[in-house]
Every structure is written in C-alpha cells, then in structure tokens.
Amino acid sequence: MRKIAAELMVAIALMSSGCSGRNADFGIVDMRQVEESAAVVKTTREEVTKKLQDLEAEMRSAMEGKDEEEQKKVFEEYSAKANLIQSESQNKLKVSLETGLAQVAKEKDLGAILIKEAVPHGGKDVTQDLIDKMK
C-alpha cells in the first residue's frame, strides 16, 4: 500500500500543480496514521482475512483424498483465487485513497499532497481530512 500511496501522491501533486509551481500551498499526509485509522482500511483487512480463511478451509476440503498431483492443481487454483481477493482489496483501497486525496486537495486548494515522511518541514497536515474522506 505504501508504494501505491507514494505513486498516487506524486501523480496528484503533478496534476494539481501542473508542474508550474503557481500554487505553493501543499498538504502532507501521515500514511501510517491513515493505515491505522481509516475505517475502510480496517474493514478491508477484516474482509480479506475472513475471505482468505474461508478459502483456505475450502482448499483443504478440496484436497482431501487426492493424490499429490491433484493436490498441487487444487493449491494452484486456490492460490490464484487468493491473489484475486488481495488484488481486489488493493484496488478498493487505491480508489478510496485517490478519491480522498483529490477531494482534500480540491477543498483545501492545495497544489500538492505529499507523504509526511518525505517533507522535512512545512506543508499543511491533512491526514485527518483524508481519513474522513476515505470510504
């Protein structure tokens, strides 16, 4: 998620400012706090954990009584399903983050929103605003 967040921050910064520097106001976001506090992150993690546990139980049941070669095929099939679940959850979080960042940048008239750890000083902390916008 951190890689996705970093890429989004740079993209939004470039789109918002147009690379011209006309709007010097910028926001900063503490991504650790977003990951810990945003309700969508918590619920998505819980959903993924539950789905993966259910999928594992299904896989174990599907493997019963099968030889090693068949078990390998079942494992590969369920691994693909697990990857899909994780990918879908990452996409959900990415959309939520993108939407929240765009809304906060527009509402606060910010030229960019950067990751707090990358900014030695300055900027307006909009972490809580982002957490509130993420759905």
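Note that this is a predicted model, so its numbers are computed, not measured. We use all heavy atoms of the structure for the numbers below, so side chains are in, but hydrogens, waters and symmetry mates are not.
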CD (E68) with more than 12 external heavy atoms under 6.0 Å: no
Closest non-hydrogen atom pair between [X] and [Y], with its separation:
X	Y	answer
V74	A62	CG1-CB, 3.8 Å
V119	F26	CG1-CE1, 3.8 Å
E35	V41	O-CG1, 3.4 Å
K133	E107	NZ-OE2, 2.7 Å

Evaluation steps, side chain to side chain contact (heavy atoms under 4.5 Å, CB included), between K116 and R32: CA-CA 10 Å; K116 187 176 184 176; R32 278 183 254 162; over 6 Å; no
Single-linkage hydrophobic cluster V48~L93, side-chain heavy atoms < 4.5 angstrom: no
Flag yes if L52 and M63 sit in one hydrophobic cluster, no otherwise; membership is Ile, Leu, Val, Met, Phe, Trp, Tyr, and two members link when side-chain heavy atoms are under 4.5 Å apart. yes
Would a distance-only check, ignoring hydrogens and angles, find a side-chain to backbone donor-acceptor pair under 3.5 Å from [X] to [Y]?
X	Y	result
S89	Q86	yes
T43	A39	yes
E76	K73	no

Hey, are E88 and K92 close enough for a salt bridge, meaning a charged N less than 4.0 Å from a carboxylate O? no
How long is the straight-line distance from [atom2] of [Y] back to [atom1] of [X], given to the nearest 0.5 Å?
X	Y	atom1	atom2	value
K42	R45	NZ	CZ	9.5 Å
L101	S96	CG	OG	9.0 Å
S37	D132	OG	CG	10.0 Å
M31	L130	CE	CG	6.5 Å
I113	D125	CD1	CG	10.5 Å
T49	E47	OG1	CD	10.0 Å

Pairwise side-chain contact, I131 with Q33, heavy-atom cut-off 4.5 Å (strictly under): yes
Applying side chain to side chain contact (heavy atoms under 4.5 Å, CB included), run through K135 and T99 and close with a yes or a no. CA-CA 9 Å; K135 296 177 182 169; T99 303; over 6 Å; no
Side chain to side chain contact (heavy atoms under 4.5 Å, CB included) between E77 and M59: does it pass, once the steps are laid out? CA-CA 9 Å; E77 175 187 339; M59 181 185 72; over 6 Å; no
Row check, Y78 ring normal vs K81 NZ/CZ: under 6.0 Å, within 45°: yes
Applying side-chain contact (heavy atoms from CB on, under 4.5 Å) between V104 and each of V29, T127, D129, report the one that passes. D129
